[in-house]
Amino acid sequence: MARYTVTSALPYANGPIHFGHVAGAYLPADIFVRTLRMKGEEVLFVCGTDEHGVAITLRAEEQGLAYDEYVARWRQEHLETFRSLGIEFDVWSGTSVCPDHTATAQGFFTELDHGGYLIRRESEQLYCTHDEKFLADRYVMGTCYVCGHEQARGDECPSCGTWIQPLKLGSPRCKICSNEPERRKTTHWYLDLPKLRDEYIGEWIEDHQWKPNVSAFIKNMLADVPERAITRDMDWGVPLPEGVEGREGKVLYVWFDAPIGYISFTKELMARRGEGPDAWEKWWKGDTRLVHFIGKDNIPFHCMVFPAMLYGTHQDYVLPWAVPANEFYNLEEGKFSTSEGRTIDPKTFFETYDRESVRWYITTTLPETADAEFSLSGLVTTHNADLAGNIGNLVSRVLKFIAKNYDGRVPDLFEEHRAEMDAEILEHCGLIADPAEAVLAFQFRSAARIVTANASVANLFMQRLEPWSLRKTDPERAASALNTLCQYLGWLARWMAPFLPEKAGQLWAMLGMQDEVTGRAWPGLPQAADWRFLEPGHRLGTPAALFPRLEAPPE
RNA sequence: GGCGGUGUAGCUCAGUCGGUUAGAGCACAGGCUUCAUAAGCCUGGUGUCACUGGUUCGAGUCCAGUCACCGCUACCA
């Protein structure tokens with residue numbers, strides 16, 4: 001038994017979730033968690049929205065909404081998207097509403113400060129007297145000092161690609177009101193990442209086993225670690241702790257407070273469960289395995305910055321045990337992009353396509369080692385090949401045959417056939433593997449292939465035994481063969497459960513089982529000695545097409 | 001500009017420590033079967049492993065360079 005705290009990257013409450021996000025951080029995490037649960041491990045699955053930051057305030061203002069209303073809308077919409085995919089977190093919260101978040105985030109600030117990891121520094125920034133705020137780079141426009149382009153943004157010139165320092169822009173303007181901003185001095189706190197690296201985190205990163213795609217990325221990063229500002233001049237966010245000099249008008253920078261949400265959401269859940277004020281600690285301290293599911297854009301934060309924060313508090317937090325970062329998932333030759341409208345809206349999408357098919361297709365194409373691609377035609381062919389042709393048809397051919405000829409009851413197993421039937425299906429019809437082993441190694445594509453390969457074993461068994469012929473020539477052998485197939489379908493349903501929870505449940509019910517398949521223990525590999533669990537004569541459910549075939553998509 | 005990734009069969013992709021005739025699924029073709037969802041089973045691959053050069057007994061794999069595509073890039077001077 002081990003204990004796992006599993007997190008999925010907090011989605012930013014500023015736009016819809018698309019399949020790229022789902023493939024990167026949410027679906028694999030859900031499969032991982034479901035597998036661990038069936039294996040009897042203690043698991044907590046944490047997620048919620050990241051709700052602070054200037055991008056949110058500006059979008060909210062554009063739409064004439066209060067900040068809290070605006071983020072609440074996305075918080076709800078994201079949750080519905082996840083539900084529509086069968087992705088189920090233990091806790092779903094948001095950084096602006098979680099009752100424990102402010103204190104937890106402020107605690108990090110205070111503890112890091114006590115540890116000597118914060119640097120206080122004064123700098124000059126552009127301040128808009130009209131809007132009464134300091135302007136983020138992206139909200140300053142002006143003339144590029146390199147090429148003279150007049151519409152240069154405060155972070156980058158769209159004409160020549162130069163990185164812009166906003167203080168150097170010619171005739172700067174505020175993007176909101178077009179007035180000219182003035183220079184003002186302001187004080188910010190910086191996280192001393194070089195110190196944290198040299199003290200411990202650098203060594204920890206070097207020694208840690210990372211996925212290959214993660215490893216390449218962070219090794220280079222270590223050489224040139226910056227001090228990072230962790231505060232900003234604005235009012236939407238976590239205020240600095242009481243008693244900090246110069247805290248007025250400043251909040252924690254959104255990247256700093258967001259990952260702390262994993263911890264504050266844990267606290268919120270434990271409080272809701274009434275488990276006492278320290279119950280959250282077992283998920284963040286001691287021998288818990290912390291697993292962060294993220295897209296590759298989040299690697300620096302989750303492999304270096306957040307671990308450095310956890311360490312720097314000296315509160316005995318565990319550091320990540322694994323960060324199975326995925327690459328990017330593209331939609332038919334172009335990035336999933338909200339701004340360009342290249343997006344599939346899950347709400348309408350699921351009116352046409354079954355969510356389980358989508359889960360399956362995404363799993364079989366996850367960007368585990370390299371960027372990967374989602375296509376409608378791929379979804380349809382994968383559905384028809386793996387789910388309809390292989391698994392669904394297997395269930396159908398076995399259960400309909402039994403419904404028609406055996407009164408819908410598990411046929412008898414004749415003892416003289418037992419050893420032969422066991423050997424035939426468990427050894428001679430192909431290799432049976434345990435998909436959980438691949439899941440625990442974060443190889444989800446491979447795990448899905450194992451499930452279909454295991455189903456193929458039963459298709460081959462049926463082909464070789466030909467119960468439709470045996471029924472006339474040797475009815476007892478036919479019964480034994482079909483009994484064997486029923487047992488095997490029971491294993492298949494459990495193997496399917498983490499990937500296809502709903503369909504696995506339907507198959508489970510077709511086998512006449514009354515309980516939830518997801519509540520069953522993980523089956524592992526069937527052993528001839530004791531793998532048969534259905535009694536002869538057991539009443540089966542009503543067979544139906546688990547995965548109806550799909551027509552090819554238009555064009 | 002910096003950093004990272006990708007380039008392998010018609011398509012989507014595997015390929016661990018460099019090691020025999022480079023693999024899988026899909027698609028396609030032929031055959032078998034008829035319980036089943038036009039499903040199942042069997043058989044079928046002469047790929048410049050992007051290009052050039054190098055290291056090596058041996059390179060898809062390691063090194064250098066070139067080309068193409070993609071991603072990230074901090075309010076840090």
Side-chain angles (χ1 to χ4, degrees), chain A residues 54 121 123-126 134-140 154-156 160-168 186 188 190 193 212-214 216-221 223-229 231-233 253 255 295-301 305 327-328 330 333-335 361 364-375 377-378 380-382 384-405 429 443 445-446 448-449 452-453 455-456 458-471 478 481-482 485 543-550:
Chain A
V54 81
R121 187 182 291 157
S123 64
E124 265 194 333
Q125 284 189 14
L126 293 173
F134 283 96
L135 298 175
D137 284 358
R138 299 157 63 183
Y139 301 102
V140 181
D155 55 348
E156 186 180 9
C160 66
T162 304
W163 272 30
I164 298 290
Q165 293 168 36
L167 290 175
K168 291 192 189 170
T186 181
H188 283 296
Y190 296 76
L193 282 169
N213 63 325
V214 174
F217 205 91
I218 54 177
K219 290 287 162 65
N220 272 302
M221 221 168 52
D224 186 28
V225 182
E227 294 158 4
R228 292 187 67 115
T231 56
R232 299 201 44 163
D233 291 293
Y253 193 11
W255 68 257
K296 68 175 169 184
D297 51 333
N298 262 317
I299 288 173
F301 287 118
V305 181
E327 302 292 303
F328 283 130
N330 299 312
E333 315 227 329
K335 191 172 185 285
Y361 176 62
T364 59
T365 53
L366 282 179
E368 286 171 358
T369 56
D371 288 2
E373 193 169 275
F374 176 99
S375 77
S377 60
V380 171
T381 55
T382 300
N384 285 343
D386 291 352
L387 300 181
N390 190 338
I391 295 174
N393 183 56
L394 169 69
V395 170
S396 180
R397 68 196 300 205
V398 173
L399 295 184
K400 284 192 176 174
F401 192 77
I402 292 173
K404 197 181 295 177
N405 300 300
C429 287
Q443 293 169 353
R445 299 168 73 132
S446 168
R449 275 199 302 275
T452 41
S456 291
N459 271 317
L460 184 51
F461 178 90
M462 184 111 176
Q463 189 69 32
R464 283 161 66 146
L465 272 289
E466 300 191 5
W468 56 90
S469 308
L470 281 181
R471 201 172 68 83
L482 289 161
L485 283 163
L546 261 190
F547 300 100
R549 258 185 95 77
L550 292 172

**Study point:** Pairwise P distance, B:A50 and B:A22 [rounded to whole Å]
**Key:** 15 Å
Point to revise | Spacing of A:W255 atom CH2 relative to B:C76 atom C1', expressed in whole Å | key: 13 Å
Review point. Can you tell me how far P of B:C13 sits from CZ of A:R449, to the nearest Å?
Key: 13 Å
Check your understanding: Which part of the nucleic acid, if any, lies within contact of A:L546, taking any heavy atom under 4.0 Å across all strands shown: a base, the sugar-phosphate backbone alone, or nothing?
Key -> base
Write out a two-atom table: protein N or O, nucleotide N or O from nucleotides 39-42 of chain B, distance below 3.5 Å.
| unit_1 | atom_1 | unit_2 | atom_2 | d |
| --- | --- | --- | --- | --- |
| B:A39 | OP1 | A:R549 | NE | 3.0 |
| B:A39 | OP1 | A:R549 | NH1 | 2.8 |
| B:A39 | OP1 | A:R549 | NH2 | 2.6 |
| B:A39 | O5' | A:R549 | NH1 | 3.1 |
| B:A39 | O3' | A:G389 | O | 3.4 |
| B:A39 | O2' | A:G389 | O | 2.9 |
| B:A39 | O2' | A:N393 | OD1 | 3.3 |
| B:A39 | O2' | A:N393 | ND2 | 2.4 |
| B:G40 | O2' | A:R397 | NH1 | 3.2 |
| B:G40 | N2 | A:Q463 | NE2 | 2.9 |
| B:G40 | N3 | A:Q463 | OE1 | 3.3 |

Practice item. Please state the P separation for the pair B:G23 and B:G19 - nearest whole angstrom. Key: 13 Å
Study note, to complete from the structure: Scanning all shown strands, the Watson-Crick or wobble mate of B:C72 with both distances under 3.5 Å is B:G2
Check your understanding: Is any side-chain heavy atom of A:F401 closer than 4.5 Å to a side-chain heavy atom of A:P543?
Key -> no
Practice item. Provide the closest heavy-atom pair for A:A448 versus A:T364 in the form atom of the first, atom of the second, distance. Key: CB-CG2, 3.9 Å
Point to revise | P atoms of B:G60 and B:G53, separation to the nearest Å | key: 14 Å
Practice item. Using the P atoms only, state how far B:U73 lies from B:C11, rounded to an integer number of Å. Key: 32 Å
Exercise for review: Could you let me know what B:G18 is paired to, Watson-Crick or G-U wobble, both distances under 3.5 Å, or none if it's on its own?
Suggested key: none
Review point. Which sits closer to the 5' end of RNA chain B, A:P467 or A:R445, going by the nucleotide each is nearest to?
Key: A:R445
Revision key, fill the gap. Atom CD1 of A:I391 and atom P of B:G25 are separated, to the nearest Å, by 15 Å
Practice item. In whole angstrom, give me the gap between the C1' atoms of B:G4 and B:U20. Key: 35 Å
Practice item. Find the distance A:M462:CE to B:A36:C1' and express it as a whole number of Å. Key: 7 Å
Check your understanding: Taking atom P in both B:U21 and B:G47, what distance in whole Å separates the two?
Key -> 14 Å
Exercise for review: Using atom CG of A:D386 as one end and atom C1' of B:A27 as the other, report the distance to the nearest whole Å.
Suggested key: 14 Å
Check your understanding: Considering only side-chain heavy atoms of A:W468, which listed nucleotide, B:C76, B:U33, B:A36, is closest?
Key -> B:U33
**Study point:** Beyond-backbone contact of A:L482 with A:R471, side-chain heavy atoms, under 4.5 angstrom
**Key:** no
Exercise for review: For A:F374 and B:C11, give me the distance from atom CZ to atom P, rounded to whole Å.
Suggested key: 20 Å
Exercise for review: Rounded off to whole Å, could you give me the CD-to-P distance for the A:E368 and B:G5 pair?
Suggested key: 18 Å
**Study point:** Nucleotide forming a Watson-Crick or wobble pair with B:C41, both distances under 3.5 Å
**Key:** B:G31
Review point. Are the side chain of A:T365 and the backbone of A:Y361 linked by a donor-acceptor contact shorter than 3.5 Å?
Key: yes
Exercise for review: Find which nucleotide of RNA chain B each of A:Q125 and A:T365 is nearest to by heavy atoms, and output the residue with the more 5' nucleotide.
Suggested key: A:T365
Revision key, fill the gap. Interatomic distance, CZ@A:R445 vs CG@A:L366, rounded to 0.5 Å, equals 7.0 Å
Exercise for review: Write down the partner of B:A59 under the Watson-Crick or G-U wobble criteria, each distance required to be under 3.5 Å.
Suggested key: none
Point to revise | Separation of the P atoms in B:G65 and B:G5, to the nearest angstrom | key: 14 Å
Check your understanding: Looking across every strand, which nucleic acid part, if any, lies under 4.0 Å from A:R464 by heavy atom: base, sugar-phosphate, or nothing?
Key -> nothing
Practice item. Name the pairing partner of B:G23, where a pair is Watson-Crick or G-U wobble with both distances under 3.5 Å, or state none. Key: B:C13
Point to revise | B:G47 - base-pair partner by Watson-Crick or wobble geometry, distances under 3.5 Å | key: none
Exercise for review: Could you state the atom-to-atom distance from CG of A:L550 to C1' of B:C26 in whole Å?
Suggested key: 15 Å
Review point. Using purine N1 to pyrimidine N3 plus N6-O4 or O6-N4 for Watson-Crick, or N1-O2 and O6-N3 for G-U wobble, both under 3.5 Å, which nucleotide pairs with B:G7?
Key: B:C67
Check your understanding: Roughly how far, to the nearest 0.5 Å, is CG of A:L387 from CG of A:N393?
Key -> 12.0 Å
Check your understanding: Can you find a pair of side-chain heavy atoms, one from A:D233 and one from A:H188, that are under 4.5 Å apart?
Key -> yes
Point to revise | B:U61 to B:C49 separation - C1' atoms, rounded to the nearest Å | key: 10 Å
**Study point:** Minimum-distance nucleotide (side-chain atoms of A:S123 versus B:A77, B:U37, B:C13)
**Key:** B:A77
**Study point:** Nearest-nucleotide pick for A:Y190, side chain only, options being B:C13, B:U37, B:C76
**Key:** B:C76
Check your understanding: Are the side chain of A:N459 and the backbone of A:N390 linked by a donor-acceptor contact shorter than 3.5 Å?
Key -> yes
Review point. When rounded to the nearest 0.5 angstrom, what distance separates CH2 in A:W468 from NZ in A:K404?
Key: 13.0 Å
